[in-house]
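The first residue of the sequence shown is numbered 1, and numbering continues consecutively from there. These numbers come from the heavy atoms of this one structure, side chains and all, not from hydrogens, waters or symmetry mates.
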Amino acid sequence: NFVPPIRSSGGNTGNMISPRISGQCDDALQDSTRKCIEMLCGPDGELPEKLRNLEPRLIEHVSNEIMDKDPNVRWDDIAGLEHAKKCVTEMVIWPLLRPDIFHGCRSPGRGLLLFGPPGTGKTMIGKAIAGEAKATFFYISASSLTSKWIGEGEKLVRALFGVASCRQPAVIFVDEIDSLLSQRKSEGEHESSRRLKTQFLIEMEGFDGGNDQILLIGATNRPQELDEAARRRLTKRLYIPLPSSEARAWIVRNLLEKDGLFKLSEEDIIAICKLTEGYSGSDMKNLVKDASMGPLREALRQGIEITKLRKEDMRAVTRQDFEYAMQEVRPSVSLNELSTYEEWNRQFGSLL
Ligand code: ADP
């Protein structure tokens, strides 16, 4: 049998962390890892139970890469979606802010599903929830668990929930949750992905019903792929649709105003909104970016060198710039897809 050449000290299993980090066992840890582990220890210097026997590098990865120290999105940054904002405020923000009121009959669900086309603000909502509820935000894409962390996904999931429980209140946002909790038993469903799924459900079960202040948000563009067990745990399911015409106008105005480039008339805005039916929020952002290049491209076409171009000489962004940009930036969601979401929403969505 091959025995890995690891340091052995006082029963410590080499690359595992012993409960007490101050001591001989952590000499081998790099400074950054040690700091990160120390921050998770209680006042007694002990690492919480859930994090024991996990590899330090996984805990460090969760703390540095998955935990977002400054999600930096507020409700006011999100266009439209009034219905979702109202539901989320009542269902998850208030309970996170006032756990003393929201217990017993009022105890909130711990799992929220945001579903709908890509680029409609699901991740923004997750970040805004964390911001508004003063919670720590953790973001992980479920597909990275199966692709990047092959064979280690389970351990990473344990580390994720473990660190979150030390950083309460916490919001864990799992993007593309369908790839983790899919009902499809494809031939490719390996033993490892089945185990990963089981571990994930166990972790969810662990904080559901307890006193933990942890909210799990799953996001998906393919809600129909979720199985019954996943639906049961994600008790609230909110449809995040494409932006309305008003929301699209808001995105255009907001992005251009931020850069001091907004000079469009009300008529221009109405025309742009008419032409962008079916665009997602993310499509609108790409459109604004492309349109705002219009004045620059025109100046260069006129032979002005980029190094000599003066900002104050550039013309404003016009409706025509948007019309040109629309040839480049097309809507990324098809009408067919929309009817699938609407149907699923009727069947499983929280219509509150
Ligand atoms: P999703 O998670 O639904 O795929 P995101 O929340 O990541 O989409 O949105 C991607 C980008 O698109 C955001 O960073 C933002 O710039 C823009 N966007 C999407 N929806 C909205 C919205 N409702 N309001 C403002 N910006 C939006």
Side-chain angles (χ1 to χ4, degrees), residues 68 70-85 88 112-131 137 139-144 171 173-179 217-225 237-259 261-262 264 269 271-294 317 319 321-342 344-345 349:
D68 186 342
D70 182 18
N72 210 8
V73 177
R74 313 295 301 184
W75 269 157
D76 293 346
D77 298 323
I78 304 175
L81 302 177
E82 306 307 339
H83 169 72
K85 286 181 190 169
V88 160
L112 168 70
L113 181 74
L114 301 176
F115 66 95
T120 47
K122 296 185 283 302
T123 311
M124 290 183 94
I125 291 182
K127 290 185 174 179
I129 290 175
F137 186 70
Y139 174 95
I140 191 161
S141 141
S143 64
S144 80
V171 171
F173 188 94
V174 183
D175 209 357
E176 301 169 78
I177 196 162
D178 53 280
S179 65
I217 304 178
T220 180
N221 319 323
R222 293 180 298 185
Q224 66 282 6
E225 309 237 322
R237 305 169 207 118
L238 286 182
Y239 179 34
I240 308 299
L242 288 177
S244 62
S245 171
E246 291 76 36
R248 296 198 298 279
W250 188 93
I251 293 175
V252 171
R253 186 185 291 272
N254 187 46
L255 290 176
L256 289 177
E257 266 174 358
K258 257 189 196 157
D259 289 347
L261 295 174
F262 187 78
L264 296 166
I269 286 276
I272 291 167
C273 288
K274 254 200 183 134
L275 292 168
T276 49
E277 185 76 54
Y279 278 62
S280 70
S282 151
D283 295 335
M284 288 307 290
K285 182 170 135 188
N286 292 335
L287 185 73
V288 173
K289 274 188 162 185
D290 200 271
S292 65
M293 289 294 286
V317 181
R319 187 201 299 193
D321 290 323
F322 274 88
E323 286 167 0
Y324 280 124
M326 278 172 218
Q327 293 167 26
E328 280 299 313
V329 182
R330 304 299 310 150
S332 54
V333 183
S334 75
L335 275 172
N336 277 351
E337 285 170 69
L338 291 185
S339 51
T340 317
Y341 296 126
E342 279 153 17
W344 201 84
N345 189 32

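Between S332 and S280 there is a side-chain heavy-atom pair separated by less than 4.5 Å. Side chains of P241 and L81 form a contact here, defined as non-hydrogen atoms less than 4.5 Å apart. S292 is not listed as a side-chain neighbour of D259, based on a closest heavy-atom distance of 4.5 Å or more.
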Trace of the side chain to side chain contact (heavy atoms under 4.5 Å, CB included) decision for L256 with V252: CA-CA 6 Å; L256 289 177; V252 171; 4.0 Å; yes
Chi angles and distances behind the side chain to side chain contact (heavy atoms under 4.5 Å, CB included) call for I129, L112: CA-CA 11 Å; I129 290 175; L112 168 70; 4.1 Å; yes
Test side chain to side chain contact (heavy atoms under 4.5 Å, CB included) applied to I217 and V174, step by step: CA-CA 6 Å; I217 304 178; V174 183; over 6 Å; no
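Note on ring orientation: taking the six-membered ring where Trp is involved, the planes of F173 and Y139 are parallel (angle under 30°, cut-offs 30° and 60°).
Shortest non-hydrogen contact noted between L338 and P117 is CD2-CG, 3.9 Å. The two residues L238 and A84 have their closest heavy-atom pair at CD1-O, 4.0 Å. Closest non-hydrogen pair, A291 versus D321, comes out as O-CB, 3.5 Å. The nearest pair of heavy atoms linking Y279 to R248 is O-CD, 4.1 Å. Of all the heavy atoms in D283 and G278, the pair that sits closest is OD2-O, 4.4 Å. Heavy-atom minimum distance, D178 versus N221: OD1-N, 4.4 Å.
Side-chain atoms of K127 do not come within 3.5 Å of backbone N or O of D68 as any donor-acceptor pair. Remark: the backbone N or O of I269 is not paired with any side-chain donor or acceptor of K274 at under 3.5 angstrom. Proximity of a side-chain donor or acceptor of S144 to a complementary backbone N or O of I140 within less than 3.5 Å is not detected. Between the side chain of N345 and the main chain of E342, no donor-acceptor pair closer than 3.5 Å is present.
Here the straight-line distance linking atom CD1 of I251 with atom CD of E246 works out to 12.0 Å at 0.5 Å rounding. Rounded to the nearest 0.5 angstrom, I177 CD1 and T220 OG1 are separated by 8.5 Å. With rounding to the nearest 0.5 Å, the separation of CD in E257 from CH2 in W250 is 10.0 Å. Atom CD of Q327 sits about 14.0 Å away from atom CZ of F322, to the nearest 0.5 Å. In this structure, CD1 on I272 lies 7.5 Å from CG on L287, to the nearest 0.5 angstrom. In this structure, D76 CG and K85 NZ are separated by 7.0 Å, a value rounded to the nearest 0.5 Å.
For the residue pair S334 / E337, a side-chain donor-acceptor distance below 3.5 Å is found, with atom types taken as modelled.
Taking the ring centroids of Y341 and F115, they lie at or beyond the 6.0 Å cut-off.
Heavy atoms from other residues, nucleotides or ligands lying under 6.0 Å from CZ of F262 number more than 12.
None of H83, K122, M124 except one satisfies the side-chain contact (heavy atoms from CB on, under 4.5 Å) rule with I240; the exception is K122.
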